[in-house]
Participant: 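Below: one structure in structure tokens.
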Amino acid sequence: MSKVVTSRNDDYSQWYQDLVTKADLADHSAVRGCMVIKPHGYAIWEKMQQALDGMFKETGHVNAYFPLFIPKSFLSKEAKHVDGFAQECAIVTHHRLKTVGDTPETRQVVVDETAKLEEELIVRPTSETIIWNTYRDWIKSHRDLPLLINQWANVVRWEMRTRLFLRTAEFLWQEGHTAHATKQEAIEETERMLEVYARFAEDYMAMPVIKGIKTENERFAGAEETYCIEAMMQDGKALQAGTSHFLGQNFAKAFEVKFANKENKLEYVWATSWGVSTRLMGALIMTHSDDNGLVIPPKLAPVHVVVVPIYKTEEELSKIEVLAKQLASELKTKNIVVRFDHRDTLRPGFKFAEHELRGVPVRLGIGPKDMENGTVEMARRDTLTKEVVSMDGLAERIVATLDDIQSSMYNRALKLRESMTHHVNTWEEFEKALDAGGFVYAHWDGTAETEKKIKDRTKATIRCIPLDSVAEDGKCILTGAPSSRRVIFARAY
RNA sequence: CGGGGUGUAGCGCAGUUGGUAGCGCACCUGGUUUGGGACCAGGGGGUCGUCAGUUCGAGUCUGGCCACCCCGACCA
């Protein structure tokens, strides 16, 4: 009974926390703001990594790895960049400990002050600086470009307040860092990777996203332009799910990265960077899960089908097991993972609840009645519906069901987003729509001051200027100044 | 960094006017069960966050410290 999660209606935030811990995704660790990602959570992250990594490689990228530590002086070379990150850096100052105290009771380990570093090291909050410092040596000619590199890594940002997956002091991510000969190429790359993220979110996570551009206020520190995908969570709040930055020549200039063009003239290199993080785990949870637990889209489920045997005798069990094994090997050829839940100390009802909590998309119950009738009970996690189906053609049926789960999860999420999206023209409507929750399309005069005033008054930020927005004359919701297109406002995570 | 809260068994909690720690779940053993979170019997498991003080005696009272969580401000 201890595994029941708080309902979304009672306390959304508590529901989220319950879900993360009770579905065995992650736990708070002994270190403030840092989480332990448990095997089940990590398995889902690995599925995400796999899919994304494949997409990166398809678009011509290769993986590499750069150091965890960044010399302090590197960070300050790009002025805006350091401004953006200075407040949340972990700093390494020493490289040795020593033991003091003569007795076992008083003995303790302290920092050895004689082992102070000449230059402090910053634990990377992001790797632009160390990477661009390295690129200086790698890029000499236009023939070295484009340079398309990704790294899977952990980064540390000393956030004041943390939440499991959504904002942790240490998080896992991938960061792509590319170098190009022309501005146009770099912008194309930025947009290409935004497209990859959007496709991943929608096709794999079954999470609809809006592609857009950040306003100056929300732009990445050191970028010329930040593109993003924005998703809406079930409570109507927005979540930035991924960003792709056009960095211009800012880092090339800061780190003196020049290449000889075809005319043998030296030019600064154009750059992009783009990343998604374990925050996507939070997005996944808050997009689909319900009061019974996690709901995972089949494409990201570590296990697609679980078979729960219902039996009295060992003989019955072994018959069911033979069936399950057969089904598993048949489905394995279609990359569907079937697990047979053979645990004999737990009753079926407990297993049903547990697999629901952990989000297995399809559950099959097989008992004596089924063995007699040649049927199984098939339950869908997304709809919580059950039906008794024939064992004949079961594999095909499962394939079709998984496909259907994948697409209906997307459709459900899209429908919810649409039902919580509003277009408003007056301040009064604007406030009302924000309180109702969701995305609010409204006109804005394009100034950072107005954006900030709106944020102070309503806690809503401009999530993005949608890429597909159409030109439309209107008046700024706050100042009444003319505006040529709507932007999306929302309260956000 | 402000506000609030919590530290007692793996988890969730109780512990009265101070008298040396208990309940549920989980765990172990045995048995009966098994189509939506089983039941019976027996059993194991504790520096009560930490330091100091008051006291014959502190989980309980006093003070300090630490940690974590939640709500804000800041950020992916």
Side-chain angles (χ1 to χ4, degrees), chain A residues 1-6 11-14 16-18 21-22 24 27-35 83-89 125-126 155-175 197 214 217-221 226 228-231 238-245 273-283 292-293 308-314 316-317 320 341 343-357 363-373 375-377 379 384 386 388 455-456 459 461 463 491-493:
Chain A
M1 264 19 128
S2 66
K3 291 242 171 152
V4 175
V5 300
T6 305
D11 185 342
Y12 192 83
S13 172
Q14 187 63 48
Y16 176 79
Q17 292 177 71
D18 282 1
T21 54
K22 289 178 178 170
D24 278 334
D27 255 329
H28 293 285
S29 71
V31 183
R32 187 205 79 100
C34 295
M35 64 181 165
D83 279 354
F85 288 104
Q87 299 297 314
E88 50 188 38
C89 285
T126 179
V155 287
V156 168
R157 297 182 187 174
W158 214 265
E159 300 287 352
M160 293 181 194
R161 195 179 149 226
T162 58
R163 312 181 86 194
L164 291 174
F165 288 121
L166 295 176
R167 186 174 299 102
T168 43
E170 180 195 18
F171 56 94
L172 306 184
W173 77 346
Q174 59 68 217
E175 45 181 327
Y197 287 156
K214 287 290 183 190
N217 281 342
E218 303 279 324
R219 195 176 289 158
F220 176 74
T226 289
C228 63
I229 51 171
E230 291 286 324
L239 184 78
Q240 177 176 305
T243 46
S244 184
H245 314 290
S273 69
W274 27 273
V276 294
S277 70
T278 36
R279 169 178 258 202
L280 289 180
M281 293 289 294
N292 289 339
V308 176
I310 296 140
Y311 61 98
K312 286 199 171 68
T313 65
E314 284 297 318
E316 281 170 347
L317 175 63
I320 297 167
D341 190 345
R343 295 174 296 175
D344 61 358
T345 53
L346 302 170
R347 300 168 87 245
F350 182 91
K351 293 178 182 178
F352 294 169
E354 190 187 61
H355 294 303
E356 252 158 39
L357 182 62
R363 185 188 72 233
L364 301 178
I366 308 180
K369 275 187 263 171
D370 298 301
M371 297 302 280
E372 220 171 90
N373 304 332
T375 58
V376 300
E377 181 188 78
L384 293 170
K386 293 190 285 199
V388 176
K455 185 180 177 184
D456 289 344
K459 289 179 189 160
T461 49
R463 301 319 303 159
R491 298 203 174 108
Y493 279 101

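Within every chain, numbering begins at 1; the chains are lettered A, B, ... in the order of the sequence lines, protein sequences first and strands thereafter.
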Participant: Which whole-number value in Å describes the distance from A:Arg363 CZ to B:G37 P?
Facilitator: 12 Å
Participant: Distance between the P atoms of B:G24 and B:A41, in whole angstroms?
Facilitator: 11 Å
Participant: For A:Asp370 and A:Ile320, what are the C-alpha separation, side-chain angles and deciding distance, and is it a side-chain contact (heavy atoms from CB on, under 4.5 Å)?
Facilitator: CA-CA 10 Å; A:Asp370 298 301; A:Ile320 297 167; over 6 Å; no
Participant: What's A:Arg343 touching, base or sugar-phosphate or nothing? Going by heavy atoms closer than 4.0 Å.
Facilitator: nothing
Participant: Would you kindly give the CG-to-C1' distance between A:Asn217 and B:C74, to the nearest whole Å?
Facilitator: 13 Å
Participant: Look at the side chain of A:Met160 and decide which nucleotide, out of B:G37, B:C1, B:A76, has an atom nearest to it.
Facilitator: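 Side chain of A:Met160 sits closest to B:C1.
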Participant: Angle class for the A:His245/A:Phe220 ring planes (parallel below 30°, perpendicular above 60°, tilted otherwise)?
Facilitator: parallel
Participant: Using purine N1 to pyrimidine N3 plus N6-O4 or O6-N4 for Watson-Crick, or N1-O2 and O6-N3 for G-U wobble, both under 3.5 Å, which nucleotide pairs with B:G7?
Facilitator: B:C66
Participant: Any side-chain N or O of A:Lys459 below 4.0 angstrom from OP1/OP2 of B:C74?
Facilitator: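 No, outside the criterion.
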Participant: Is the number of heavy atoms from other residues, nucleotides or ligands within 6.0 Å of CH2 (A:Trp173) greater than 12?
Facilitator: yes
Participant: Mind listing the N/O atom pairs, protein and nucleotides 65-69 of chain B, below 3.5 Å?
Facilitator:
unit_1 : atom_1 : unit_2  : atom_2 : d
B:C68  : OP1    : A:Arg32 : N      : 2.8
B:C69  : OP1    : A:His28 : ND1    : 3.0

Participant: Rounded to whole Å, please give me the gap between CD1 in A:Ile310 and C1' in B:G37.
Facilitator: 14 Å
Participant: Could you check whether A:Asp344 gets within reach of a base, just the sugar-phosphate, or nothing at all, counting any heavy atom under 4.0 Å?
Facilitator: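 Since no nucleic acid heavy atom lies under 4.0 Å of A:Asp344, the category is nothing.
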Participant: Rounded to whole Å, how long is the line connecting atom NE2 of A:His355 with atom C1' of B:G36?
Facilitator: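 Roughly 13 Å, once rounded to whole Å.
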Participant: Do the side chain of A:Glu354 and the base of B:G37 come within less than 3.5 angstrom through a donor-acceptor pair of N or O atoms?
Facilitator: no
Participant: Counting distance only, does the side-chain N/O of A:Tyr16 pair as donor-acceptor with the main-chain N or O of A:Leu164 below 3.5 Å?
Facilitator: yes
Participant: Consider the side chain of A:Phe171, meaning its heavy atoms from C-beta on, and name the nucleotide among B:U34, B:A76, B:C75 that approaches it most closely.
Facilitator: B:A76
Participant: Using the P atom as the reference point in each nucleotide, state the distance between B:A21 and B:G59 in Å, no decimals.
Facilitator: 9 Å
Participant: Please give the nucleotide sitting opposite B:A26 as a Watson-Crick or G-U wobble pair, both distances under 3.5 Å, or none.
Facilitator: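 Here B:A26 is not engaged in any pair, so there is no nucleotide opposite it.
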Participant: Given the rule in the side-chain contact (heavy atoms from CB on, under 4.5 Å) test, do A:Arg463 and A:Glu218 qualify, once you have shown the distances and angles that lead to the verdict?
Facilitator: CA-CA 8 Å; A:Arg463 301 319 303 159; A:Glu218 303 279 324; 4.2 Å; yes
Participant: Side chains of A:Thr21 and A:Asp27: any donor to acceptor distance under 3.5 Å?
Facilitator: no
Participant: Rounded to the nearest angstrom, tell me the gap between atom CG in A:Asp18 and atom C1' in B:C70.
Facilitator: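 Atom-to-atom, A:Asp18 to B:C70, this comes out as 13 Å.
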Participant: So which nucleotide does B:C1 pair with, by the Watson-Crick or G-U wobble rule with both distances under 3.5 Å?
Facilitator: B:G72
Participant: Salt bridge between A:Glu377 and A:Lys369, side-chain N to carboxylate O under 4.0 Å?
Facilitator: no
Participant: For atom P, what is the distance between B:G10 and B:C28, given to the nearest Å?
Facilitator: 15 Å
Participant: For the side chain of A:Tyr311, counting heavy atoms from C-beta on, which of B:U34, B:C75, B:G35 is nearest?
Facilitator: B:U34
Participant: Would you indicate, yes or no, if B:C25 has its OP1 or OP2 atom less than 4.0 angstrom from a side-chain nitrogen or oxygen of A:Lys22?
Facilitator: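 Answer is no, no contact under 4.0 Å.
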Participant: Taking CG from A:Leu346 and P from B:U34, how many angstroms apart are they, rounded to a whole number?
Facilitator: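 So the CG-P distance, A:Leu346 to B:U34, works out to 15 Å.
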Participant: Using a heavy-atom cut-off of under 4.0 Å over every strand shown, decide if A:Pro309 touches base, sugar-phosphate, or nothing.
Facilitator: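 It contacts nothing in the nucleic acid.
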Participant: Quick one: which of B:G37, B:C70, B:U34 gets closest to the side chain of A:Phe350?
Facilitator: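 That would be B:G37.
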Participant: Name the pairing partner of B:G44, where a pair is Watson-Crick or G-U wobble with both distances under 3.5 Å, or state none.
Facilitator: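 Pairing partner: none.
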Participant: Less than 4.0 angstrom from a charged side-chain N to a carboxylate O is my criterion; do A:Glu354 and A:Arg363 meet it?
Facilitator: no
Participant: Regarding A:Glu377, tell me which of base, sugar-phosphate or nothing describes its non-hydrogen contacts under 4.0 Å with the strands shown.
Facilitator: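 It contacts base atoms.
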Participant: Closer to the 5' end of RNA chain B via nearest nucleotide, is it A:Pro368 or A:Thr243?
Facilitator: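 That would be A:Pro368.
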Participant: Which one is paired to B:A14, where only Watson-Crick or G-U wobble pairs with both distances under 3.5 angstrom count?
Facilitator: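 Paired with B:A14, as far as the under-3.5 Å criterion goes, is no nucleotide at all.
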Participant: Could you give me the CA-CA distance, side-chain angles and deciding distance for A:Val155 and A:Glu175, then say whether side-chain contact (heavy atoms from CB on, under 4.5 Å) is met?
Facilitator: CA-CA 10 Å; A:Val155 287; A:Glu175 45 181 327; 4.2 Å; yes
Participant: Give me the distance, rounded to whole Å, that separates B:U55 from B:C61 when you measure between the C1' atoms they each carry.
Facilitator: 10 Å
Participant: Ignoring hydrogens and angles, tell me if any N or O in the side chain of A:Tyr311 forms a donor-acceptor pair with the backbone of A:Ile366 under 3.5 Å.
Facilitator: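 Checked: no pair found.
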Participant: For A:Glu88, which contact category applies under a 4.0 Å heavy-atom criterion: base, sugar-phosphate, or nothing?
Facilitator: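 If one applies the 4.0 Å heavy-atom cut-off, A:Glu88 turns out to touch the sugar-phosphate alone, with no base involved.
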Participant: Taking atom C1' of B:G72 as reference, at what distance in whole Å does atom OH of A:Tyr493 sit?
Facilitator: 14 Å
Participant: Quote, to the nearest angstrom, the C1' distance that separates B:G36 from B:G44.
Facilitator: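 It comes out at 31 Å once rounded to the nearest Å.
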Participant: Picking from B:G35, B:G36, B:A76, which would you name as closest to the side chain of A:Pro348?
Facilitator: B:G35
Participant: Just call it for A:Ser13: base, sugar-phosphate, or nothing, with non-hydrogen atoms closer than 4.0 Å on any strand.
Facilitator: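 If one applies the 4.0 Å heavy-atom cut-off, A:Ser13 turns out to touch the sugar-phosphate alone, with no base involved.
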Participant: Using a 4.0 Å heavy-atom cut-off, does A:Ser277 contact any base of the nucleic acid, only the sugar-phosphate backbone, or nothing at all?
Facilitator: base
Participant: Distance check, P atoms only: B:G15 and B:C23, in whole angstrom units.
Facilitator: 15 Å
Participant: Between B:C39 and B:U33, how far apart are the C1' atoms? Round to whole Å, please.
Facilitator: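 Per the computed distance, 8 Å lies between those C1' atoms.
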Participant: Between B:A38, B:A76, B:G35, which nucleotide gets closest to the side-chain atoms of A:Arg157?
Facilitator: B:A76
Participant: Categorize A:Leu166 for me: base, sugar-phosphate, or nothing, with a 4.0 angstrom heavy-atom threshold over every strand shown.
Facilitator: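 Result for A:Leu166 = base.
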Participant: At under 4.0 Å between heavy atoms, what does A:Phe220 touch on the DNA or RNA strands: base, sugar-phosphate, or nothing?
Facilitator: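 Here A:Phe220 touches no strand at all.
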Participant: Using Watson-Crick or G-U wobble geometry with both distances under 3.5 Å, which nucleotide pairs with B:G59?
Facilitator: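 Pairing partner, where one exists within any strand: none, as none qualifies.
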Participant: Could you tell me which nucleotide pairs with B:A38 by Watson-Crick or G-U wobble geometry, both distances under 3.5 Å, or answer none if nothing does?
Facilitator: B:U32
Participant: What closest approach, in Å, do A:Leu280 and A:Ala241 show between heavy atoms, and which atom pair accounts for it?
Facilitator: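 That would be CD2-O, 3.3 Å.
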Participant: Does A:Gln14, at its CD atom, have more than 12 non-hydrogen atoms belonging to other residues, nucleotides or ligands within less than 6.0 Å?
Facilitator: yes
Participant: Rounding to an integer number of angstrom, what distance separates B:U20 and B:U8 when you compare their C1' atoms?
Facilitator: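 Roughly 14 Å separates the two C1' atoms.
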Participant: For a quick check of understanding: with a heavy-atom distance under 4.0 Å over all strands, which category does A:Lys386 fall into, base, sugar-phosphate or nothing?
Facilitator: base
Participant: Of the options B:A76, B:G35, B:C74, whose atoms approach the side-chain atoms of A:Arg347 most closely?
Facilitator: B:G35
Participant: Closest-nucleotide mapping onto RNA chain B: is A:Arg163 or A:Ala241 further toward the 5' terminus? I mean the 5' end.
Facilitator: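 Looking at the nearest nucleotide for each, A:Arg163 comes out on the 5' side.
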Participant: Please state how far atom CG in A:Asp341 lies from atom P in B:G36, giving the value in whole angstrom units.
Facilitator: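 My rounded result for the distance is 15 Å.
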